[in-house]
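Chain A is the first sequence line, chain B the second, and so forth, proteins listed ahead of strands; every chain is numbered from 1.
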There are 2 protein chains.
Amino acid sequence: MPIQPIARVQNDVGAELRGIALQMFAENGYAGTSLQQIADAAGYSKSSVLYHFGSKESLFDAALRPAVEQLSLFLDSIVEKLTADDRRDGFVTEFIDLLLEHRLAAHIIINQGQTLSDIVVVDEARGLIDRIGESFMVGLPTPAQRIRLGVALAGAAYVMVASRPSVAEIEDVAEVREALIDVVTELITPLSR
Amino acid sequence: MPIQPIARVQNDVGAELRGIALQMFAENGYAGTSLQQIADAAGYSKSSVLYHFGSKESLFDAALRPAVEQLSLFLDSIVEKLTADDRRDGFVTEFIDLLLEHRLAAHIIINQGQTLSDIVVVDEARGLIDRIGESFMVGLPTPAQRIRLGVALAGAAYVMVASRPSVAEIEDVAEVREALIDVVTELITPLSR
DNA sequence: GCAGGCGCTGACCGATCGGTCAGGATACTC
DNA sequence: GAGTATCCTGACCGATCGGTCAGCGCCTGC
């Protein structure tokens with residue numbers, strides 16, 4: 001067995017707790033999920049959970065962090081490409097794939113976002129989402145156009161998220177993915193300058 | 001002053017509590033809103049709230065009941081008209097107006113629905129929504145078509161609901177209303193038989 | 001005057017919340 | 001073997017949760 005330099009098991013437990021917590025937060029909400037429930041589901045004691053993550057909010061932050069990180073990268077790529085190119089085709093695919101990859105995190109931020117506005121990671125995520133919206137909104141002066149964009153993005157996000165999070169897999173991910181890309185592209189395309 | 005036959009003040013207090021509770025449930029979530037907070041906001045004691053509504057869930061039920069009632073009527077009108085007429089134009093307007101009238105209730109059901117699936121009134125509402133979806137879905141065999149419908153309805157609902165519920169009024173309700181009707185109609189029309 | 005119902009309240013209940021703390025168990029270093 | 005750091009735990013804390021209950025003041029009917 002190869003050498004494990006430092007902190008092997010710790011990362012495993014941390015990742016395990018993050019995953020379980022993410023799923024339970026998505027299913028029952030942040031306020032509706034207690035540390036005791038998370039600990040029971042993971043097979044640890046509540047104290048042990050608080051040993052790895054100093055507080056409930058810290059665990060919540062750690063669970064959502066990867067999604068927010070990637071959302072930030074997505075925002076950067078948008079800004080970069082929108083200045084060099086006036087077409088928006090590629091962004092739709094990236095957006096849908098981002099949602100697909102972080103379904104649970106998206107579910108939490110979308111459904112509990114404004115309830116948890118005092119939590120740091122949620123505020124960050126909502127700020128990023130706002131900036132993404134603004135990036136797309138550039139050149140869309142009329143409310144009608146903005147609402148069209150809103151329906152496209154929010155509709156796609158909500159459709160993906162609406163299925164109960166306990167049902168892990170959508171019937172046919174590839175099919176859903178393509179259908180979403182199609183309809184969102186159709187809604188967004190006429191908005192190009 | 002005209003005669004008030006029975007229970008005048010009681011209805012006022014009940015309606016007042018329902019309204020305050022509806023707003024607070026929408027803002028902070030069901031689990032995130034305590035009876036004490038509702039009582040404080042209404043200027044009563046927690047005991048008094050529990051006097052009018054026997055339990056927290058009972059108050060929640062009473063707050064959401066009117067919206068669910070009207071949603072049920074909407075479902076009936078859909079079924080009735082869809083069998084007599086093959087056009088879907090009028091339903092979009094009715095749907096948007098229903099959302100506009102019960103914004104807070106829609107916000108709660110949409111954002112906290114699957115979290116509160118064990119509460120009666122929420123289950124009722126979600127059942128109605130499912131049946132409305134099925135009514136529209138008739139004749140839409142492919143997942144692509146269903147997703148298109150889902151994006152339209154969910155997108156419209158979420159856009160209307162996405163603004164923080166504390167911000168009571170949208171900038172221009174009429175404008176938003178027309179824009180939503182337009183885009184939803186556009187998405188739904190090609191789905192007609 | 002008085003009996004009784006109604007609206008409302010504070011005191012109180014057990015349960016659960018997030019979080020602290022001292023210490024047990026294991027394993028690695030010297 | 002002694003010392004030490006890591007992982008984990010049960011006991012415990014104050015606060016808050018939803019809910020119960022006896023009793024308050026007040027109005028009404030008799």
task: Please say whether more than 12 non-hydrogen atoms of neighbouring residues, nucleotides or ligands are located less than 6.0 Å from CD in A/Glu57.
output: yes
statement: Taking five pairs at each terminus, the helix from C/dG1-D/dC30 to C/dC30-D/dG1 shows an axis bend, to 10°, of 20°
query: Between A/Ile181 and A/Phe91, is there a shared hydrophobic cluster once you connect ILVMFWY residues whose side-chain heavy atoms come closer than 4.5 Å?
result: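 Per the 4.5 Å side-chain linkage, A/Ile181 and A/Phe91 are co-clustered.
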Does [X] put a side-chain nitrogen or oxygen below 4.0 Å from OP1 or OP2 of [N]?
X       : N     : result
A/Tyr51 : D/dC8 : no
A/Tyr44 : D/dT9 : no
B/Ser48 : C/dT9 : yes
A/His52 : D/dT6 : no

With sequence neighbours left out, write down each residue that passes side chain to side chain contact (heavy atoms under 4.5 Å, CB included) with [X], or none if nothing qualifies.
X       : value
B/Glu69 : B/Arg65
A/Phe95 : A/Phe74, A/Leu99, A/Leu153
B/Gln37 : B/Met24, B/Thr33, B/Ser34

- line: Scoring nucleotides 18-25 of chain C by protein non-hydrogen atoms under 4.0 Å (B base, S sugar-phosphate only, - none) yields BBB-----
Plane angle bin for A/Phe60 and A/Phe25 - parallel if under 30°, tilted between 30 and 60°, otherwise perpendicular: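 Correct class here is perpendicular.
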Donor-acceptor pairs are to be reported for all side-chain atoms of residues 38-50 of chain B against protein atoms at under 3.5 Å, with residues two or more places apart or in another chain.
unit_1: B/Asp40; atom_1: OD1; unit_2: B/Gln36; atom_2: NE2; d: 3.2
unit_1: B/Ser45; atom_1: OG; unit_2: B/Ser48; atom_2: N; d: 3.2

query: Once you round it to whole Å, what is the distance between P of D/dT9 and CG of A/Asp40?
result: 11 Å
- request: Using the side-chain contact (heavy atoms from CB on, under 4.5 Å) rule, pick out the option among A/Ile109, A/Leu98, A/Asp76 that qualifies with A/Leu71.
  value: A/Leu98
